[in-house]
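Comments concern the structure below.
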Amino acid sequence: GAHWEFKTREFNTQCNNPVISFSNTTGKVTLSTTTTWPSIYYTTNGTTPSSSNGTKYTDPFDVTEETTIKAIVTKTGFTDSEVTTRTIYKVATPTIQDNGDNTISITCATSGADIYYTTDGTTTPTTSSTKYTTPLGSEFSGKTIKAIAVKNDMINSAVGEATITMKCAKPVFTRNGNSLSISCAFPTTANIFYTKNGDEPTSSYDGAITVSVGDVIKAIAIAPGFNNSEIATKIIYRELTPDENDKYHITSSDEFEIFTDMANSEFADKDFILDTDVTGTAVSEITQTFTGTFDGGGHTISELKHALFN
């Protein structure tokens, strides 16, 4: 008679593992599996999901903070899948700060994140906003900057916000005889105010001023959107004229008095040469640190009432 031979074939009866996907564009988590007609359960509280624990997945769901998702696939007549675990991390909030070099930087502690920002103080930045590529200039001083950072497969950062108000540079004096110029390096829009009697500076500066020995010049720089500068002070002393090597020669007792005044000012780092014997009965005491050089040239200084240098 006929001989029949039967062969058996094994079928996989365990559900395929779920895949946990995240889109930083939509901010939503999607759960999927290649098992047909499945039920997917998930948790976000660290417990193990099952058909009796967790939430049954129906549609992509939002996550806005760092979240650990655990998911499992179930199907009647099949063994449950293994648990898939994935943590969705959040990009660090951008930091907006004054670089100290008249620029504003926006940084993010998350490596590889892209930064987008707005400067009108009201608009929340998105990936359609201006992308940050280089430090912002002084024109953004005093403006409210908002920034977000984004990176694939991560939750977009919270909005970082700061108003960076830069400081005007301290005014600088340039003297030419009895003419004194005052300038401010930053910002170029700064207005300078000054006084010649040591009071608070209130006179508007619009060009070189005439000064006399004994004047105490004070100046401040002010600009909209910037903090006021520090007050700069210059006392008008008599000054020697340097030679072609920027050395100052002392050729009389009167010029020796001028030297001590200069040594108490911004000239304390200059080079001085004594060319003759002098008397020091009326010289001022040098009270600040002298960092220049003083070449006595073998000459005599007589009648000093105090040490020449501290």
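Predicted model only: the values in this text are computed from it and were never measured.
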Within this structure, what is the [atom1]-[atom2] distance for the pair [X] and [Y], rounded to the nearest 0.5 Å?
X      : Y      : atom1 : atom2 : result
Thr276 : Glu255 : OG1   : CD    : 10.0 Å
Asp153 : Phe22  : CG    : CZ    : 8.0 Å
Leu31  : Asp59  : CG    : CG    : 10.5 Å
Ile236 : Asp261 : CD1   : CG    : 11.5 Å
Asp269 : Thr291 : CG    : OG1   : 4.5 Å
Ser141 : Leu136 : OG    : CG    : 11.5 Å

Modelled atom types, side-chain donor and acceptor of Asn99 and Thr103, under 3.5 Å: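 The criterion, which ignores hydrogens and geometry beyond distance, is satisfied for Thr103 and Asn99.
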
Please tabulate, for the side chains in residues 160-175, all donor-acceptor contacts under 3.5 angstrom to protein atoms that are two or more places apart in sequence or on a different chain.
residue, atom, partner, partner atom, Å
Thr163, OG1, Thr144, OG1, 2.8
Arg175, NE, Gly177, O, 2.7
Arg175, NH1, Tyr237, O, 2.4
Arg175, NH1, Glu239, OE2, 3.0
Arg175, NH2, Tyr237, O, 3.1

Distance-only, no hydrogens or angles: does the [X] side chain make a donor-acceptor pair with backbone N or O of [Y] under 3.5 Å?
X      : Y      : value
Asn45  : Thr47  : yes
Thr84  : Val19  : no
Asn156 : Val150 : no
Glu257 : Gly280 : no
Thr35  : Asn16  : yes

Any side-chain hydrogen bond (donor to acceptor under 3.5 Å, both in side chains) involving residues 204-226? Give me the pairs, sequence neighbours left out, ordered by first then second residue.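 Not a single pair qualifies under side-chain hydrogen bond (donor to acceptor under 3.5 Å, both in side chains).
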
Pairs in or reaching into residues 115-136: which pass salt bridge (Lys or Arg N to Asp or Glu O under 4.0 Å), with residues at least two apart or in two chains?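 For residues 115-136, and leaving out neighbouring residues, the salt bridge (Lys or Arg N to Asp or Glu O under 4.0 Å) pairs sorted by first residue read Asp114-Lys131.
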
Parallel, tilted or perpendicular, as decided by the 30° and 60° cut-offs, for the rings of Phe61 and Tyr57: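 Aromatic pair Tyr57/Phe61 classed perpendicular.
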
Would you be so kind as to tabulate the donor-acceptor pairs closer than 3.5 Å made by side chains of residues 86-96, with sequence neighbours excluded?
residue, atom, partner, partner atom, Å
Arg86, NH1, Ile20, O, 2.9
Thr87, OG1, Thr68, OG1, 2.8
Lys90, NZ, Thr64, O, 3.1
Lys90, NZ, Glu65, OE1, 3.4
Lys90, NZ, Glu65, OE2, 2.9

Going through the distances and angles, do Phe186 and Phe226 end up as a ring-ring contact (aromatic ring centres under 6.0 Å, His included)? CA-CA 10 Å; Phe186 171 83; Phe226 292 79; 5.5 Å; yes

Please report the C-alpha distance between Asp243 and His249 in whole Å, then the side-chain angles of each, then the deciding distance to 0.1 Å, and finally whether the side chain to side chain contact (heavy atoms under 4.5 Å, CB included) criterion is met. CA-CA 8 Å; Asp243 63 17; His249 291 263; 2.9 Å; yes

May I ask whether Val73 and Val83 are part of the same hydrophobic cluster, defined by side-chain heavy atoms of I, L, V, M, F, W, Y residues being less than 4.5 angstrom apart, directly or through others?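 In one cluster: no.
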
Whichever hydrophobic residues join Ile231 through chains of side-chain contacts under 4.5 Å: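 Phe193, Ile220, Ile222, which link up through side-chain heavy atoms under 4.5 Å apart, make up the rest of the cluster.
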
Which residues pass the ring pair (Phe, Tyr, Trp, His ring centres under 6.0 Å) test with Tyr41, sequence neighbours left out?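 Residues passing ring pair (Phe, Tyr, Trp, His ring centres under 6.0 Å) with Tyr41: none at all.
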
Run Thr126 and Thr118 through side chain to side chain contact (heavy atoms under 4.5 Å, CB included) and show every step you take. CA-CA 9 Å; Thr126 67; Thr118 61; over 6 Å; no

Is there a side chain to side chain contact (heavy atoms under 4.5 Å, CB included) between Lys70 and Thr43 once you walk through the steps? CA-CA 5 Å; Lys70 293 186 176 186; Thr43 63; 3.6 Å; yes

Any chance CD of Glu82 has more than 12 other-residue heavy atoms, nucleotides or ligands included, within less than 6.0 Å?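 It does not: Glu82 CD has 12 such atoms or fewer within range.
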
After noting the C-alpha distance and the side-chain angles of Asp254 and Arg238, does the key distance pass the salt bridge (Lys or Arg N to Asp or Glu O under 4.0 Å) rule? CA-CA 10 Å; Asp254 185 56; Arg238 291 179 294 172; 3.0 Å; yes

From CA spacing to verdict: side chain to side chain contact (heavy atoms under 4.5 Å, CB included), Tyr132, Ser105: CA-CA 9 Å; Tyr132 176 81; Ser105 67; 3.8 Å; yes

